[in-house]
S.K.: 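Pasting in a structure now, in structure tokens, and then I'll have a few things to ask.
For ligands, and for the atoms within them, numbers begin at 1 and follow the listed sequence. For this chain, numbers begin at 1 and follow the sequence in order.
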Amino acid sequence: MQVNSSNTQHAASPVQAYRAGVLHFTADPACEAESYAWFADGMLIVSQGKVLQAGDYAQLKATLAEGVVVQDFRGKLIIPGFIDTHIHYPQTDMIASPAPGLLPWLETYTFPTEREFSDPAHSGAVAHFFIDELLRCGTTTAMVYCTVHPESVEAFFTESAARNLRMVAGKVMMDRNCPEYLRDSAGRGARECEELIRKWHRNGRQLYAITPRFAPTSSHAQLQLAGELALAYPDTYVQTHAAENADEVAWVRSLFPDARSYLDVYYRYGLMRQRAMFAHCIWLDDSDRARMTETDSAVSLCPTSNLFLGSGLFDFGAADRHGLALSLGTDVGGGTSFSMLQTMNEAYKVARMGGSYLPALRMFYLATLGAARSMALEGVIGSFSAGAEADFIVLDLEATPLLARRTSRTGSLEELLFALAMLGDDRSVMATYSAGRQVHLRGQ
Ligand SMILES: [Zn+2]
């Protein structure tokens, strides 16, 4: 009935329907027995860029108005688009750079690469490639670090808006402990940040994140101003790095001797709140974890990066005991893949190393609804609830000979998703849709 009435109201904008296995989450599988909706022969119905309904094909077919063409993806799996909650677009061209640890890696590769983003043309070209790559991997929303240059943010949002994507991004604020050529000042950084908020936050689907790079590269004055912006614009995002590796934690202790812990630095400056996303969070203690939940802050865990840089292993057991809001980040270019499937693969192994077990259903939840909840965007992205933005992907269970062979023998949804997480990558993403429009189709 819902479908028919909508058809009548919006005769000029047709309904689209997609037949496939359809899966989305309604709760965290770690907390609720009933956490997902799964339709083995399902259908997703979309109108005007929004989800009308997801359900069983046989039931929904009868409700479709005459003339609605059903796209046939039988044998494939449709899920909400992946959400990557931590990634650096300027680091696209330096992914897979060798260095013994975070600090030498930053100095040798990251800072010289980021320098080039004072050039708007260069920023635009990299943003274009970066977004192509996200979409090829099925990522429809990401929380993105730009560089210290406002031009890099302009270029990113311009590219994202041109494709009508739901993206979060911000200018890096950084006024000390970095090369002179990448430094703003406390005052200038805050001014540029505020101008970008006014121009881009909630401009179409774009959302702004206040982005002090990490505590060591911001002065007290800069962190103070970042906190004031976070208070003045409460529905913007905050994103930064926290407790990534042991050397960095020791450095923060020497720079901020009055703070109880690394995370406490951010708390003192008012940067812990809803819509604040802290990447890594490996070297936290239980007081830090309690503060994460008290302040409604969220964690982006980045396993490919943590293993690549030797930063440490995220403690899933402690995180779950404290009920932390978790999601997955690729952290390109410290991370080694744009693919959220490959990120799940490494997250699973990190959990095992710490004595925890991460079911595939949980991993797919973290990469969709879990991330949306962490970002206070439940009902907007990350699920097929009625009225949600129609960002979704079509996963090919036979993308490679090995994947085809393995998925043909899986006996349950959990086994199927697990095989996808272990064996899948960009090749598994057949098509990507944003607000109901196809934005990527894999070459056949
Ligand atoms: Zn990072």
S.K.: Confirm or rule out an N/O/S atom of Glu244, from backbone or side chain, lying less than 2.8 Å from the Zn ion (ligand 1).
M.R.: no
S.K.: Under a plain distance cut-off of 3.5 Å, with no hydrogens placed, do Tyr266 and Thr240 share a side-chain donor-acceptor pair?
M.R.: yes
S.K.: Asp331: which N/O/S atom is nearest the Zn ion (ligand 1)?
M.R.: OD1
S.K.: Does the ring centre of Tyr233 sit less than 6.0 Å away from the ring centre of Tyr208?
M.R.: no
S.K.: Salt bridge or not for Asp184 and Lys171, using N-O below 4.0 Å?
M.R.: yes
S.K.: Taking the six-membered ring for Trp, are Tyr145 and His88 parallel (under 30°), tilted (30 to 60°) or perpendicular (over 60°)?
M.R.: tilted
S.K.: At the Zn ion (ligand 1), what is the angle formed between atom NE2 of His86 and atom NE2 of His241, rounded to the nearest 10°?
M.R.: 90°
S.K.: Has His88 got an N, O or S atom lying less than 2.8 Å from the Zn ion (ligand 1)?
M.R.: yes
S.K.: Report yes or no: does Cys302 have an N/O/S atom closer than 2.8 Å to the Zn ion (ligand 1)?
M.R.: no
S.K.: Go through the side-chain N and O atoms of Ser434 and Arg205 and say whether any donor and acceptor fall under 3.5 Å apart.
M.R.: yes
